[in-house]
Amino acid sequence: MKFIKRSARPNPKISLILLDWSVRESFHLLHYLGRQDVSRDAFEVLVVEYYSRVSDAIRKFEDQVDTWLLLEMPEGCYYHKHVMYNAGIVLARGEICVICDSDAMVKPGFIRAIVEAFEKDPRLALHLDQFRNNRRDFYPFSYPSFEAVEGEGCINNAGGKTAGILDRKDPIHSRNYGACMCARRSDLIGIGGADEHVDFVGHICGPYDMTFRLVNHGRKELWHPSEFLYHTWHPGQAGVDNYLGPHDGRHVSTTSLAALSARRVRPLLENPAILRLREHPATPAEALIPMLIRPEGPVEWRRERLESGSLQPRFDACDLHLGYYQGFAIYRDGGVFYAHLAIEPHRGRHEAASYSQYVEATTVAAVKGRIGTETPLRTALAIVLAKVFVVLWQCAHYLKRRKLGLLQSGAGRQGAVGPQPSFSARLKQRLAQFAVESRTIVDSLADLVPNLRRLAGGASDPMPVRVVVGDRRTEIYLKLLRAVRAIPRVRLERAESDEQVERIVAEAADRSRPERLILTRNLYYCTYPPIAPLYLARAFTVL
């Protein structure tokens, strides 16, 4: 580990954390940070390089860099953005940490907009969305005007705002959660910092895992309505040829989504320096620096180990929710993995006898195997039906909309100017995305079946049940199961808007109308920011 520069800036309000893993061709954000309309002492800039490269792109703007750290990880060790986030959080001196795209453009009011947002509400997890332009003639970066980036080739300009900001149906995929995330440093330390679990090595995921856990910690997620970043095309911008951890087919981490729906606050694997800082806030930075890199990381995160599947993931020893499988929520406590039906309140492993169905084993794979062997026949048949149904639905959906040419969500090929990938490359990528996305949808449907069947007991849960879904696919599937009595005859409806979901949740919180409200996880993921407080208060269930 080596410092090229170390900040001496006194009492900055903002600490900007910029990352590199010897890949950045341009750090032109530094150019725009030199043109902010606030005092330069109001913010500091930290650059964290994963490997050992001293970048010429940074040297060009070195006067704008306050701290420049080389982690000096071995070349054979795959990059882990969350390790770099934690290094930045530990070294930051500012009250607010800002993690943002280092090759983006920002207007002169960028820093001021962030400061003002936190002055209005200090309990924020603030995001700024990003205009993205796919014109190839802006590469190498040529300092176009903001108007030019918003113009021809911009894929998400919707009347002067990003399409994601206006999206009320699927914002989790249309907004750029990795463009710029801001939170109080004390809050980031309080949730355990960025998660260093192996699921987050490589392209997946980004700062939004901390956003989700901050929401579960009682913070408010807010997207700035008028301040944006601006990004121009460069090779590899969508993570092509990068290692990908578990995701939903559209590059959103399923591990992070599971944390959101499980109300998990703690990371699966906490950085030792963050842990020390959380438990002993007065620990000086010099004592924390040797703890930034866990000793096993450089060996475990090697590409050959990641791609071979031979790596055994590490977890903290506390009781942690890991994910879902066929309706069960899987946890780890110490050296034991265990699972119970997701609809049942989590009471911990010591209350194993209180669950209607419970399994445990020494590995996640063994737990999943036991869940599979104990699945009732009717539930197993419903899961098979889900697989057939989803494949047919997805095929019809893609053929109808002729989406074979669209390679990504959010930052796709619409508006692209210049040479395009070959048809075979587009087809290969689309088929891979189709497979991952279909598997994720099947998993979400499979999780519903055993939990809704659990409600068939009636006597143990006398309240009427209302199940709200967010898409027609899930609605039709559940209606089919209800018709053949594979699930009880619950009240089933589809929400058409986030406003409708808010109204439904408000009604559920009204105890004068007793009703058990269940939202599907996919619906919650798209509508969670305003309704999260009621979910944390157990006003409704998410399955």
Side-chain angles (χ1 to χ4, degrees), residues 1-9 15-27 29-30 44-93 97 99-103 188-189 193-207 236 239 241-243 245 267 269-277 283-307 311 314:
M1 198 174 304
K2 178 182 178 180
F3 283 95
I4 306 297
K5 293 183 72 175
R6 192 78 180 269
S7 179
R9 199 170 295 279
S15 293
L16 287 111
I17 300 169
L18 310 181
L19 311 185
D20 193 13
W21 48 98
S22 297
V23 296
R24 299 288 190 196
E25 296 182 33
S26 178
F27 268 80
L29 176 66
L30 298 172
E44 65 173 354
V45 178
L46 300 90
V47 176
V48 181
E49 160 62 49
Y50 193 69
Y51 300 111
S52 302
R53 184 179 76 161
V54 179
S55 171
D56 290 337
I58 300 175
R59 286 289 192 199
K60 183 178 178 181
F61 303 105
E62 190 172 351
D63 61 322
Q64 291 297 324
V65 177
D66 296 292
T67 293
W68 187 355
L69 172 64
L70 312 180
L71 295 182
E72 298 186 310
M73 296 291 277
E75 291 296 325
C77 178
Y78 213 85
Y79 73 92
H80 198 322
K81 289 182 285 187
H82 291 206
V83 173
M84 293 181 270
Y85 296 154
N86 285 327
I89 293 168
V90 168
L91 296 173
R93 296 183 173 196
C97 288
I99 298 171
C100 64
D101 210 338
S102 57
D103 59 357
L188 294 174
I189 294 169
D195 195 333
E196 295 191 1
H197 187 267
V198 70
D199 281 359
F200 303 118
V201 174
H203 187 63
I204 309 292
C205 74
D241 296 327
N242 282 254
Y243 174 79
L269 188 62
E270 188 171 4
N271 179 278
I274 295 286
L275 173 61
R276 175 67 64 86
L277 200 53
T283 305
E286 296 305 320
L288 297 169
I289 290 170
M291 306 168 64
L292 285 174
I293 306 297
R294 58 180 64 255
E296 68 276 8
V299 176
E300 292 190 345
W301 301 331
R302 298 183 70 86
R303 178 183 284 272
E304 57 268 24
R305 296 197 67 179
L306 293 169
E307 295 181 345
L311 180 64
R314 291 178 180 264

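Because only heavy atoms are used, hydrogens play no part in the values below, and waters and symmetry mates are left out as well, while side chains stay in. Worth saying up front: this structure is predicted, and the values here are computed from it rather than measured.
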**Message:** For V45, is there any backbone N or O sitting under 3.5 Å from a side-chain donor or acceptor partner on D66?
**Reply:** yes
**Request:** Decide side-chain hydrogen bond (donor to acceptor under 3.5 Å, both in side chains) for Y85 and N271; before the verdict, give the C-alpha distance in whole Å, the side-chain angles of both, and the deciding distance to 0.1 Å.
**Result:** CA-CA 10 Å; Y85 296 154; N271 179 278; over 6 Å; no
**Request:** Indicate yes or no: at least one non-hydrogen side-chain atom of R24 is less than 4.5 angstrom from one of L18.
**Result:** no
**Request:** Among L188, L292, I89, find the one that has a side-chain contact (heavy atoms from CB on, under 4.5 Å) with I274.
**Result:** I89
**Asked** With under 30° as parallel and over 60° as perpendicular, where do the rings of H80 and H82 fit, or are they tilted in between?
**Response** tilted
**Message:** With rounding to the nearest 0.5 angstrom, report the CG to CD1 distance, L275 to I189.
**Reply:** 11.5 Å
**Prompt:** Would you say N242's side chain and G202's backbone share a donor-acceptor pair under 3.5 angstrom?
**Reply:** no
**Message:** Going by the rule side chain to side chain contact (heavy atoms under 4.5 Å, CB included), which residues pair with E286 if we only count those two or more places apart in sequence or in a different chain?
**Reply:** R6, I289
**Asked** In this structure, are over 12 heavy atoms from other groups packed under 6.0 Å from D63 atom CG?
**Response** yes
**Asked** If you count the non-hydrogen atoms of other residues, nucleotides and ligands that lie under 6.0 Å from CZ in R53, is the total more than 12?
**Response** yes
**Request:** For the pair Y78 and Y243, name the ring-plane relationship: parallel under 30°, tilted 30 to 60°, perpendicular over 60°.
**Result:** perpendicular
**Message:** Within the structure provided, determine whether W68 and V54 are in side-chain contact (heavy-atom separation under 4.5 Å).
**Reply:** yes
**Request:** Look only at the side chain of E44 and the backbone of S7, and say whether a donor-acceptor pair between them is shorter than 3.5 Å.
**Result:** no
**Request:** Report yes if some heavy atom in the side chain of L91 is under 4.5 Å from a heavy atom in the side chain of F3; otherwise report no.
**Result:** yes
**Message:** Could you check whether any side-chain heavy atom of E75 comes within less than 4.5 Å of a side-chain heavy atom of Y51, counting everything from C-beta outward?
**Reply:** yes
**Message:** Can you confirm whether H197 sits close enough to P267 that some side-chain heavy atom of one is under 4.5 Å from a side-chain heavy atom of the other?
**Reply:** no
**Message:** Assess whether a salt bridge exists between E300 and R314, defined as any Lys/Arg side-chain N lying under 4.0 Å from an Asp/Glu carboxylate O.
**Reply:** yes
**Request:** Evaluate the side-chain proximity of Y50 to C77: yes if any heavy-atom separation is below 4.5 Å, no if none is.
**Result:** yes
**Prompt:** Is the backbone of F27 close enough, under 3.5 Å, to the side chain of D103 for a donor and an acceptor to pair up by distance?
**Reply:** no
**Prompt:** Does R303 count as lying over the ring of W301, i.e. NZ or CZ under 6.0 Å from the six-ring centre, within 45 degrees of the axis?
**Reply:** no
**4.5 Å side-chain heavy-atom contact, R305 and V299** = yes
**Request:** Evaluate the side-chain proximity of I4 to L70: yes if any heavy-atom separation is below 4.5 Å, no if none is.
**Result:** yes
